[in-house]
Amino acid sequence: FFKQKTAYEIGVRLVGSEMCIRDSLRHLGVVVGSCLALGALLREEMIPALDRCKHPTLAYTQASATTVTALTGDLEIVKGDDAVIRFRVHGEIPPSARILSRENDQVPWQIDEIVLRSEATDTLRHVFAGVRRPLTYRIEAGDGRSQPGHINVLDPPVVQRLVVRYAFPAYTDLPERIDEISGDVRAIVGTRVDLEIVSSKTLGAAALVIDDSLRLPAQIADTRARIAWHLAADSTDRTSVTGPKDALQVRGSQYHVELTDHQGIGNRNPIRYSIRSLFDEAPHVAVTEPGRDSDLPEDLQVVVGLDARDAIGVDEIDLVYWVNDGGQGRTAVG
């Protein structure tokens, strides 16, 4: 009996000990799981703390109460365009944030201030309007400061020079003419116009745009572009000599030049030049002096003034006259 009782008590104790071990392991697992879960949730906050525990002799700066994160970073824009930067503010939200910018280290910071909401702030934006020079910027809010960012400015291509060459219709017997001053096109209908464009940058494409509706691609070579056409009449109800039938005929009142460099950047606000097509009409002649009926003076001499005009030019002028009832007389003038 005593042997059986002793064996029973030993068995009970073993079973009790086993249950205690299982309960302890269960509690331990709950604690470890909770720690792991908490560590995963607070990973960003725990890492600095653990790092400080691993290096107790190092000096650490106090973490900022406000965190400012620049989302945009470095930018490239075309000169004169707006630069838009975006950022976030977390932690303790101050009443405002400061946008600091400057062109180089030798000039003071320019500061713009924007108001912040009191609650956690979503993505914010700031616009640098019409940037024409490179900028360095950063954002400050409370005791937080973002990493600096840089805005690089790219120059668009610019028309540096226009050369307009005129080859007039053969019947006019006029020599070729070159205009390197105005850029405006003014010639008789049927004239071949050869336009050469010199750009400030190597070109990827170029075009001539007539009246904002007709776009004519130009041939490009390095920084130069070239296009040729024949002037057509402005309206179809006027008959005049035109260029060859297989040649490019253009009618319009104005044009501008589109330039695009190899980075795909186009010229900004191109200058508009006029196009004027002249018709070969009859010359206009007027007697300006004496301009009225008058008596012959005693010296029997009369000064006659003439005004002769023509779109192509005046080659000869003949003065036709009659003396009393006599026959017609003719004399060359000039």
Side-chain angles (χ1 to χ4, degrees), residues 156-200 203 205-221 223-260 266-288 305-318 333-334:
V158 176
V159 176
Q160 291 187 323
R161 187 161 61 97
L162 281 178
V163 180
V164 184
R165 292 181 173 87
Y166 297 99
F168 300 101
Y171 79 91
T172 65
D173 201 27
L174 293 175
E176 291 190 358
R177 182 165 63 89
I178 298 177
D179 180 7
E180 299 185 56
I181 300 176
S182 69
D184 295 329
V185 173
R186 183 179 183 273
I188 190 170
V189 170
T191 299
R192 174 186 165 94
V193 180
D194 195 327
L195 182 66
E196 183 180 5
I197 305 147
V198 181
S199 169
S200 60
L203 295 173
L208 191 74
V209 181
I210 309 293
D211 290 342
D212 293 328
S213 58
L214 177 62
R215 189 174 184 276
L216 306 173
Q219 296 180 338
I220 59 173
T223 60
R224 295 176 180 267
R226 192 167 185 171
I227 185 171
W229 73 93
H230 284 78
L231 282 180
D234 291 334
S235 58
T236 56
D237 59 344
R238 301 290 296 272
T239 58
S240 183
V241 176
T242 61
K245 292 183 178 180
D246 59 345
L248 178 62
Q249 308 285 329
V250 171
R251 61 171 54 88
S253 61
Q254 65 176 9
Y255 77 92
H256 67 268
V257 176
E258 285 185 356
L259 302 178
T260 306
N267 56 328
R268 299 297 198 261
N269 303 317
I271 299 174
R272 296 178 182 273
Y273 302 93
S274 65
I275 301 175
R276 185 178 178 189
S277 301
L278 305 177
F279 288 91
D280 186 11
E281 299 175 336
H284 171 78
V285 181
V287 179
T288 60
L306 301 175
D307 180 18
R309 301 177 184 178
D310 186 74
I312 297 177
V314 178
D315 187 29
E316 295 181 359
I317 300 177
D318 288 341
V333 178

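Atom OG1 of Thr191 and atom CD of Glu176 lie 11.0 Å apart (nearest 0.5 Å). Between the CZ atom of Arg272 and the CG atom of Asp211 there is a distance of 9.0 Å, given to the nearest 0.5 Å. With rounding to the nearest 0.5 Å, the separation of CG in Asp179 from CG in Leu195 is 10.5 Å.
Under the rule for a salt bridge (charged side-chain N to carboxylate O under 4.0 Å, His left out), Asp173 has no partner lying at least two apart in sequence or in another chain. For Arg224, the side-chain contact (heavy atoms from CB on, under 4.5 Å) partners are Arg161, Glu196, Val198, not counting sequence neighbours.
Side chains of Pro169 and Ile188 form a contact here, defined as non-hydrogen atoms less than 4.5 Å apart. Counting heavy atoms from C-beta on, the side chains of Leu259 and Ile197 come closer than 4.5 Å. The shortest side-chain heavy-atom distance between Ile271 and His256 does not fall under the 4.5 Å cut-off. In this structure, the side chains of Ile178 and Val164 stay at 4.5 Å or more apart for every pair of heavy atoms. For the pair Thr260 and Leu203, the minimum side-chain heavy-atom distance is 4.5 Å or more. Within the 4.5 Å cutoff, the side chain of Asp184 has heavy atoms near those of the Ser274 side chain. Using a 4.5 Å heavy-atom threshold, the side chains of Ile210 and Val250 count as touching. Put simply, the side chain of Tyr166 does not reach to within 4.5 Å of the side chain of Leu174, judged on heavy atoms.
Not a single donor-acceptor pair under 3.5 Å links the side chain of Arg251 to the backbone N or O of Gln249. Side-chain N or O atoms of Ser277 include one that pairs as donor or acceptor with a backbone N or O of Ala232 at under 3.5 Å. Checking side-chain atoms of Asn267 against main-chain N and O of Val257 turns up a donor-acceptor pair under 3.5 Å. Of the possible polar contacts, one joining the Ser200 side chain to the Val158 backbone as a donor-acceptor pair under 3.5 Å is found.
Across all their heavy atoms, Leu231 and Ala187 have their closest contact at CD1-O, 3.5 Å. Pro217 and Ile227 get closest at one heavy-atom pair: O-CD1, 3.6 Å. Closest heavy-atom contact between Ala218 and Ala225: CB-CB, 4.2 Å.
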Chi angles and distances behind the side-chain contact (heavy atoms from CB on, under 4.5 Å) call for Tyr255, Leu216: CA-CA 11 Å; Tyr255 77 92; Leu216 306 173; over 6 Å; no

Derivation and outcome, side-chain contact (heavy atoms from CB on, under 4.5 Å), residues Val185 and Tyr273: CA-CA 8 Å; Val185 173; Tyr273 302 93; over 6 Å; no

Start with the C-alpha gap between Arg192 and Phe168, add the side-chain angles, then the distance that decides, and say whether side-chain contact (heavy atoms from CB on, under 4.5 Å) holds. CA-CA 6 Å; Arg192 174 186 165 94; Phe168 300 101; over 6 Å; no

Let me see the working for Arg226 and Asp194 under salt bridge (Lys or Arg N to Asp or Glu O under 4.0 Å), right down to the final yes or no. CA-CA 7 Å; Arg226 192 167 185 171; Asp194 195 327; 2.9 Å; yes

Output, in order, the C-alpha distance, side-chain angles, deciding distance and verdict of side-chain contact (heavy atoms from CB on, under 4.5 Å) for Gln254 and Asp212. CA-CA 9 Å; Gln254 65 176 9; Asp212 293 328; 4.2 Å; yes

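Other residues, nucleotides and ligands contribute over 12 non-hydrogen atoms within 6.0 Å of the CG atom of Leu214. Shown here is Asp318, whose CG atom has more than 12 heavy atoms of other residues, nucleotides or ligands within 6.0 Å.
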